[in-house]
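Structure record follows, encoded as structure tokens.
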Protein chains: 2
Amino acid sequence: MRSGESGRLVASGYPAGPRRRILLKDVATSANVSGSTASRALADDPRISLATRLSVKAAAAELNYVPNAAARSLRMKHTRTLGLLIPDLRDPVHGQVASGFEEEARRSGYCVIMVAGENEPARERLALKIFAEHGADGVAIVSGAISPREARERVDPERLILVQPDHHSLPRREGVVPPGVILTDDAGGLKAAVNHLVDNGYRRIAYVEGGGGATNKVRSEAVATTLRSRGVKTALRTFGAGDDTWRDPTELASEIATDLPEALVCYDDKLALALMDALRKLRIRVPEDIGMVGFDGIPFAAISNPRLTTVATPAGEMGRLAAASLVRTIQVGARLEAVLLPPDLIVRESTRTLSPPTRNHDPRS
Amino acid sequence: MRSGESGRLVASGYPAGPRRRILLKDVATSANVSGSTASRALADDPRISLATRLSVKAAAAELNYVPNAAARSLRMKHTRTLGLLIPDLRDPVHGQVASGFEEEARRSGYCVIMVAGENEPARERLALKIFAEHGADGVAIVSGAISPREARERVDPERLILVQPDHHSLPRREGVVPPGVILTDDAGGLKAAVNHLVDNGYRRIAYVEGGGGATNKVRSEAVATTLRSRGVKTALRTFGAGDDTWRDPTELASEIATDLPEALVCYDDKLALALMDALRKLRIRVPEDIGMVGFDGIPFAAISNPRLTTVATPAGEMGRLAAASLVRTIQVGARLEAVLLPPDLIVRESTRTLSPPTRNHDPRS
DNA sequence: TTGTATGCGTTATCAG
DNA sequence: CTGATAACGCATACAA
């Protein structure tokens, strides 16, 4: 327990040159035990007497010992590290997911290495390779561009979880979701949204696309289907929009303005919010001139002017769930379950009651 | 170069049980060379003949070899990993910083492990410990709660970069920033903002605080100073606001409403946007009844209604810079430089011309 | 209850 | 140009 030969082994500040890092061996020496005993003591191995355990821990604290994860990983065959592949950290939704994921991982003693895939297959493949090299014990892919099949080829499916995969190959049959994937019931959410619209007298409804992904298709179809099921004869109009039209929807707004629908159901909140702004430039008022519905429930949808009616999804929760799922699988070897999260329609100011509202419809329609 | 004894060593899918991971040794064997040769070949060591280099690489590709980072790190004493400690991944500004940091790191061949400190010293210390264990080659702390001094005690200052540290101990003397820190010229930005306000006839200006951090103080003082320098006699009013008042500024809005200033300079955009919403509930119009200025330049400030006048800072750039700086230091051993980034006043709709505007003032005031 | 010896997968040193 | 061998720091099987 003596504090290092010269008494300045752990001096704070960095006086002269980077001092040699403290090793387990140093702790052992300082506590007058062998390396193995020190190792076991720090791991609270019950075979070590309480006295020496305390003594070793004191020495470790004294010397400011920090175990070397690389060495430990090499020996233990695990890293207590999770990989998170996400399209873009700047996106509010992805930020939520990442936040939930990191928090849950940390709570479980895992650290996470994040890489942004930017929706580019090449980058995503690289990310997966990085995770493999660093021996991530589990990886989550959020909204990946590569196919689930390829993903499962590149990382052990037992340790892989797909969060809101945006790929057509995903068989999104009603309510059935394959193991190892977490998604929200987009169709259900949109059905609620469209019902809300129809209940409030909206008929001429249009859908605004958000890129050509599978998710977009699911959402678009859910809107069309619900509309039909409600007996709305007017065909659903669809405004095409590129993957990042939300960055500047001016043109799109003009197109919409030439023949205004009664309401716009947008691919997501980003797009809806940006569109509201573009529409405002054209002196088109929401909700007076046109109703607006978003998707995601990002924080700013709650304080926009007008506040946005939207289908809110539990993004943070998905991240948390993904991490928790992974950790559980790693620790108890359980198979990754599938999860379908219910979204939540939040009615705010961007939609209103148009005329004598249609009376309550059959909830099962 | 033969494709594995049974031809299914790299078969896709996971047919039966987790197959043993391919090691360098396997590649070597498959290419009929020794381990050392294989290692050197993959590293493009010029001492290895081109022929064998190619052969080894082919074998590696064939077998889908993935090097073990832990083993390599153990041997090489570096991990090609950067640690990023950030308060909250959900925050738009922090998201931008994280995004820039990760992108730049990736470009340089580094991967980043991110942990959210949530502005809690205990968590931040834990994060720093995690970085140490995992042997991060460099770490960046964004807006940390712990003091720069403590940070530099816990991680080699040569490998540490502080991005917008929010601590009073930071000697923010005019224009001088200590090495290893990146920050924006908040005072300069606010001076521009206040000048804009004064130039446009605003006099009764108030500042809305955003927590008790050092950054808040700097901003508040910059506003006060500029106001004085412009000869505005009316004392600067200050509305106190907790660290997360922006989550529900209803009460704050009421307080403000009892005696409306002509303009509000807010700690940041989140607060300004939330406040605009709360004010709207009280039927107070921006900019007709009150002017509004934010800080940060988050994306939604550009599409809010009204669009927010704000002091924009290059958040993504700061992240990129931090990573680039770290990488440079690691690779060429250069000392970390200090950076002071100029913010940018963006005038939008939330401020207007009040009355006969004061004429251009001395730019040096 | 504790100590000794070994190996995790790589790179680097030293021979050849 | 290439191959054997040691070492990186830790945890564990085995011995005491």
Side-chain angles (χ1 to χ4, degrees), chain A residues 1 9 18-57 59-60 63-81 129-130 132-137, chain B residues 18-57 59-60 63-81 129-130 132-137:
Chain A
M1 210 175 308
L9 253 184
R19 290 181 314 300
R20 189 177 62 76
R21 183 165 170 166
I22 301 298
L23 305 181
L24 182 57
K25 182 174 37 178
D26 300 312
V27 175
T29 304
S30 164
N32 290 316
V33 295
S34 75
S36 37
T37 299
S39 172
R40 291 193 266 249
L42 292 178
D44 264 319
D45 187 317
R47 293 177 304 183
I48 303 300
S49 80
L50 198 59
T52 50
R53 251 188 282 175
L54 256 33
S55 154
V56 169
K57 284 183 182 174
L63 296 180
N64 223 296
Y65 168 64
V66 173
N68 180 321
R72 174 177 289 169
S73 300
L74 192 56
R75 190 51 232 243
M76 307 267 267
K77 322 294 238 164
H78 70 249
T79 55
R80 289 190 86 76
T81 286
K129 186 175 178 193
I130 289 174
E133 290 186 0
H134 287 262
D137 294 336
Chain B
R19 287 180 315 301
R20 188 177 63 75
R21 184 165 170 165
I22 302 297
L23 306 181
L24 182 58
K25 182 174 35 176
D26 300 312
V27 175
T29 304
S30 165
N32 291 315
V33 295
S34 73
S36 15
T37 300
S39 173
R40 289 191 271 246
L42 292 178
D44 265 317
D45 189 317
R47 294 176 304 180
I48 302 299
S49 80
L50 199 58
T52 50
R53 251 189 282 177
L54 256 33
S55 153
V56 169
K57 283 181 183 177
L63 295 181
N64 223 295
Y65 168 65
V66 173
N68 180 321
R72 173 177 289 167
S73 300
L74 191 55
R75 189 54 231 239
M76 307 265 268
K77 321 288 238 181
H78 70 250
T79 56
R80 290 191 86 77
T81 287
K129 186 176 178 194
I130 289 174
E133 290 186 1
H134 288 261
D137 295 336

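Note: hydrogens, waters and symmetry copies are ignored here, and every other heavy atom, side chains too, is used. Everything numeric in this text was worked out from a predicted model, so none of it was measured. Chain letters run A, B, ... following the sequence lines, proteins first, then strands; residues in each count from 1.
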Rounding to an integer number of Å, can you tell me how far [X] [atom1] sits from [N] [atom2]?
X: R75(B); N: dC8(C); atom1: CZ; atom2: C1'; answer: 14 Å
X: R21(B); N: dG9(C); atom1: CZ; atom2: C1'; answer: 9 Å
X: R53(B); N: dT2(D); atom1: CZ; atom2: C1'; answer: 13 Å
X: N68(A); N: dG9(C); atom1: CG; atom2: P; answer: 16 Å
X: L54(B); N: dC1(D); atom1: CG; atom2: P; answer: 14 Å
X: E133(B); N: dG9(D); atom1: CD; atom2: P; answer: 16 Å
X: H134(A); N: dG9(C); atom1: NE2; atom2: C1'; answer: 15 Å
X: D45(B); N: dA12(C); atom1: CG; atom2: P; answer: 9 Å

Closest to side chain of [X], choosing from [options]:
X: S34(B); options: dT11(C), dG3(D), dC8(C); answer: dG3(D)
X: R40(A); options: dT4(C), dG9(C), dC10(D); answer: dT4(C)
X: V33(A); options: dT2(C), dA12(C), dG3(C); answer: dG3(C)
X: R47(B); options: dG9(D), dG3(C), dT13(C); answer: dT13(C)
X: I48(B); options: dC10(D), dT10(C), dT2(D); answer: dT2(D)
X: L24(A); options: dC10(D), dT2(C), dG9(D); answer: dC10(D)

Is it the case that over 12 heavy atoms from other parts of the model lie below 6.0 angstrom from the NZ atom of K129(A)? no
Please determine whether a side-chain nitrogen or oxygen atom of [X] lies at a distance below 4.0 Å from atom OP1 or OP2 of [N].
X: S39(B); N: dA12(C); value: no
X: S73(B); N: dC8(D); value: no
X: Y65(B); N: dT10(C); value: yes
X: K77(A); N: dA11(D); value: no

Reckon [X] touches a base, only the sugar-phosphate, or nothing at all at heavy-atom distances under 4.0 Å?
X: R72(A); result: sugar-phosphate
X: T52(B); result: sugar-phosphate
X: S36(A); result: base

Any donor and acceptor pair, going by atom type alone, linking the side chain of R40(B) with main-chain N or O of D45(B) inside 3.5 Å? no
Determine yes or no for a side-chain-to-main-chain donor-acceptor pair under 3.5 angstrom, with T29(B) supplying the side chain and K25(B) the backbone. yes
If each of L74(B) and L50(B) is mapped to the nucleotide of DNA chain D with the nearest heavy atom, which maps nearer the 5' terminus, i.e. the 5' end? L50(B)
Of the non-hydrogen atoms in S39(B) and L24(B), which two are nearest, and what is the gap between them? CB-CD2, 3.7 Å
From L63(B) CG over to R21(B) CZ, what is the distance, rounded to the nearest 0.5 angstrom? 13.5 Å
Run the side chain to side chain contact (heavy atoms under 4.5 Å, CB included) test on L74(A) and N68(B) for me, step by step, so that the C-alpha distance in whole Å, both residues' side-chain angles and the decisive distance to 0.1 Å come before the verdict. CA-CA 8 Å; L74(A) 192 56; N68(B) 180 321; 4.2 Å; yes
